[in-house]
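What follows is a single structure, and I will ask about it in a moment.
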Protein chains: 2
Amino acid sequence: MIEIKSLPTNCAVRPNEQICSNCGARALSVCGALGDADLARLDGLAERVSLPAGDALTREGDPARYLYNITSGSVRVFKLLADGRRQITGFLFAGDFLGLTAGEAFAFSAEAIEPVTLCRFKRAEYRSLVRESPSLEAALLDRANHELAAAHNQMVLLGRKTAQERIATFLLELPSKDPARPGGENTVRLPMSRSEIADYLGLTIETVSRVLTRLKTQGLLRLASLNEIVVLKPAALRRLAEGDV
Amino acid sequence: MIEIKSLPTNCAVRPNEQICSNCGARALSVCGALGDADLARLDGLAERVSLPAGDALTREGDPARYLYNITSGSVRVFKLLADGRRQITGFLFAGDFLGLTAGEAFAFSAEAIEPVTLCRFKRAEYRSLVRESPSLEAALLDRANHELAAAHNQMVLLGRKTAQERIATFLLELPSKDPARPGGENTVRLPMSRSEIADYLGLTIETVSRVLTRLKTQGLLRLASLNEIVVLKPAALRRLAEGDV
DNA sequence: AAGCCGCCTTGATCTGCATCAAGCGTTGCG
DNA sequence: CGCAACGCTTGATGCAGATCAAGGCGGCTT
């Protein structure tokens, strides 16, 4: 049974989205994509999973059998070169989907950063649902387009921004993706390690650390703890991010 | 009128795709997305345009009124930072679409590299067609997913590959995107300037030039002309591209 | 055919970030 | 409590690629 109204505590709520009681299907339905019948059916296909930090959701090259919807925690999505160099292509948080874009095999790996809860669907069943529900497809297309725009912005960052601009951009954009907000208005939660930030921004851990220290020294931010940063001067940070220095 | 059978000479043909006589609509139809009726309707909406080298198709921030299908030539798609730094996010060739992913406004600029011919649709009309034709949407979703996978690969390149690995990757992948093949089997056509290659790979023109010279010296390739390169040792180049050195 | 212009190559030098190398704080465990 | 492990910071040094600078070459104009 689906209980849309009574959201359990472990369900994340994102802007314009809700996560349903059993799984993340609701997130799609509120895009106007799923009727109640479809929703019930998708819910029936879902399987709840909890993963400890570090565990893999997918590995590059694995057959893409499942589709995932994160309901809590955070996930790193990345690709590796033969010699172990890693590029993190994105972080996922509660409400995000993984595996929508995969073909027969996953083109990326994904691992839990923190303990993660998620719902898992068989892709085959999901695909047949999609074929019958055109408005779901429209919602997915919309999602894919947003991801594509984000990817292009990240290409600008990786190809043309300085280390300081990358960090500033990262600190400004992270909160808008992560619905698990800490207390303060301008407080940024960093569930990921310095090494993961580095691999996301195309830098080294030392450079990440040095730039954060410099921004702190300049009074733009405060390192509340290793995993929490308070942005003291958002406007100045935004100017840095765009290279208006 | 549509004449699917008689393709005029200026129409590009891509693997598994054909461009229709009047416009690029055929490219979508052969994905199984469009019936003859839809095709005729889309054809009716199309407008042929020719652009000289350097002219803009879209500018970042402009309202996204049109959708484009390139029928010949090549296009650079890019984003700019405030101080003029440019990141080229992709090159488009005959058969490629531009503007599918845009929201209300374009998030990127696009300009002709060579003289370009294209077909232009009003996005509003195209959207209503899409709403009525679910299988078209499926084809578009498929396209978006491929672009997304390509964007992730480019993020690996920009974030983690050396200059030599970037150039090698570029030379290996370009021909698979550009249907305008020159004579030889391993000949790569470079319609874009060194400066465009640099802005695509996150390098400078000097580095592009130096790396090409080095690869030539090492006997991996031959610079047939400024805009044509013959790959002499594809296997070795592929090893370089993946960092297996 | 001379001269200019834009694009490319090549060389010299510089620099931002990587690499190498300590040391520090926190956590967990015997 | 001690001490080992791990992740982070900070400092010293190195280097890939950027920047600065000087031709070279082909195409276009007159």
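Lettering of chains follows the sequences in order, A, B, ..., and the numbering in each one begins at 1.
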Can you pull every protein N or O that's under 3.5 Å from an N or O on nucleotides 5-8 of chain C?
unit_1	atom_1	unit_2	atom_2	d
C/dC8	OP1	B/Arg194	N	3.2
C/dC8	OP2	B/Arg194	N	3.4

Problem set entry | A/Arg76 CZ to A/Glu114 CD distance, which is reported to the nearest 0.5 Å |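 One gets 11.0 Å once the value is rounded to the nearest 0.5 Å.
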Problem set entry | CG on A/Leu98 to CG on A/Leu118, rounded to 0.5 Å |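 Nearest 0.5 Å value for the CG-CG distance: 9.0 Å.
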Exercise. Can you list every pair that meets ring-ring contact (aromatic ring centres under 6.0 Å, His included) and has a residue in residues 153-211 of chain B, with sequence neighbours left out?
Worked result: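 Passing the test, one end in residues 153-211 of chain B: B/Phe91-B/Tyr200, B/Phe170-B/Tyr200.
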For this session: Let me know the distance between CG of A/Leu215 and C1' of D/dT9, rounded to the nearest Å.
Result: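 Value for this atom pair: 15 Å.
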Exercise. Over how many whole Å does the gap from A/Lys161 atom NZ to D/dA18 atom P extend?
Worked result: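 Result: 18 Å.
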Problem set entry | Euclidean distance, A/Ile113 CD1 relative to A/Met192 CE, rounded to 0.5 Å |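 Taking CE in A/Met192 and CD1 in A/Ile113, the distance rounds to 5.0 Å.
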Using a cut-off of under 3.5 Å, enumerate the N/O to N/O pairs linking the protein to nucleotides 20-26 of chain C.
unit_1	atom_1	unit_2	atom_2	d
C/dC20	N4	A/Glu206	OE2	3.1

Exercise. Nearest 0.5 Å, what's the CG-CZ distance between B/Leu215 and B/Arg222?
Worked result: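 Going from CG on B/Leu215 over to CZ on B/Arg222, the span is 15.0 Å.
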Problem set entry | Verdict with supporting geometry, B/Thr117 and B/Ser50, side-chain hydrogen bond (donor to acceptor under 3.5 Å, both in side chains) | CA-CA 4 Å; B/Thr117 62; B/Ser50 288; 5.7 Å; no
Problem set entry | Shortest non-hydrogen separation from A/Ser176 to A/Glu173 and the atoms involved |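 Where A/Ser176 meets A/Glu173 most closely, the heavy atoms are OG-O, 2.7 Å.
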Exercise. Tell me: CZ of A/Arg160 to C1' of C/dG16, nearest whole Å?
Worked result: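 Rounded to the whole Å, the gap is 15 Å.
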For this session: May I ask you to say what A/Leu212 touches in the nucleic acid, namely base, sugar-phosphate or nothing, with a heavy-atom cut-off under 4.0 Å?
Result: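 Counting heavy atoms under 4.0 Å across all strands, no contact is made by A/Leu212.
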Exercise. Nearest nucleotide by nearest heavy atom, which residue falls closer to the 5' end of DNA chain D, B/Ala163 or A/Val208?
Worked result: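 The 5'-side residue here is A/Val208.
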For this session: Using a cut-off of strictly less than 4.0 Å, decide whether B/Thr204 has a side-chain nitrogen or oxygen near OP1 or OP2 of D/dG17.
Result: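 So the side-chain polar atoms of B/Thr204 never come under 4.0 Å of the phosphate oxygens OP1 or OP2 of D/dG17.
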Exercise. Rounded to the nearest 0.5 Å, how far does CD1 of A/Ile88 lie from CD of A/Glu111?
Worked result: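 Going from CD on A/Glu111 over to CD1 on A/Ile88, the span is 9.0 Å.
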Exercise. Starting at CG of B/Leu223 and ending at C1' of D/dG26, how long is that distance when rounded to a whole Å?
Worked result: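 Rounded to whole Å, this separation is 16 Å.
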Exercise. Just how far, in rounded Å, is P of C/dG11 from CZ of B/Arg214?
Worked result: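 Interatomic distance, CZ of B/Arg214 to P of C/dG11: 13 Å.
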Exercise. C/dA18, D/dG17, C/dC17: which one has an atom nearest the side-chain heavy atoms of B/Thr162?
Worked result: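 Among C/dA18, D/dG17, C/dC17, the one nearest the side chain of B/Thr162 is D/dG17.
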For this session: Please report, rounded to the nearest Å, how far the C1' atom of D/dT9 is from the CD1 atom of A/Ile167.
Result: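 So the CD1-C1' distance, A/Ile167 to D/dT9, works out to 14 Å.
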For this session: Find the distance A/Gln164:CD to C/dT15:P and express it as a whole number of Å.
Result: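 Distance, rounded to whole Å: 17 Å.
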Problem set entry | Short side-chain N/O contact to D/dA18 OP1/OP2 from B/Thr207, under 4.0 Å |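 Answer is yes, contact under 4.0 Å.
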Problem set entry | Distance, rounded to the nearest Å, where A/Glu196 contributes CD and D/dC8 contributes P |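 Taking CD of A/Glu196 and P of D/dC8, I get 9 Å after rounding.
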Exercise. What distance do B/Thr169 atom OG1 and B/Lys161 atom NZ have between them, rounded to the nearest 0.5 Å?
Worked result: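 Result: 3.0 Å between the selected atoms.
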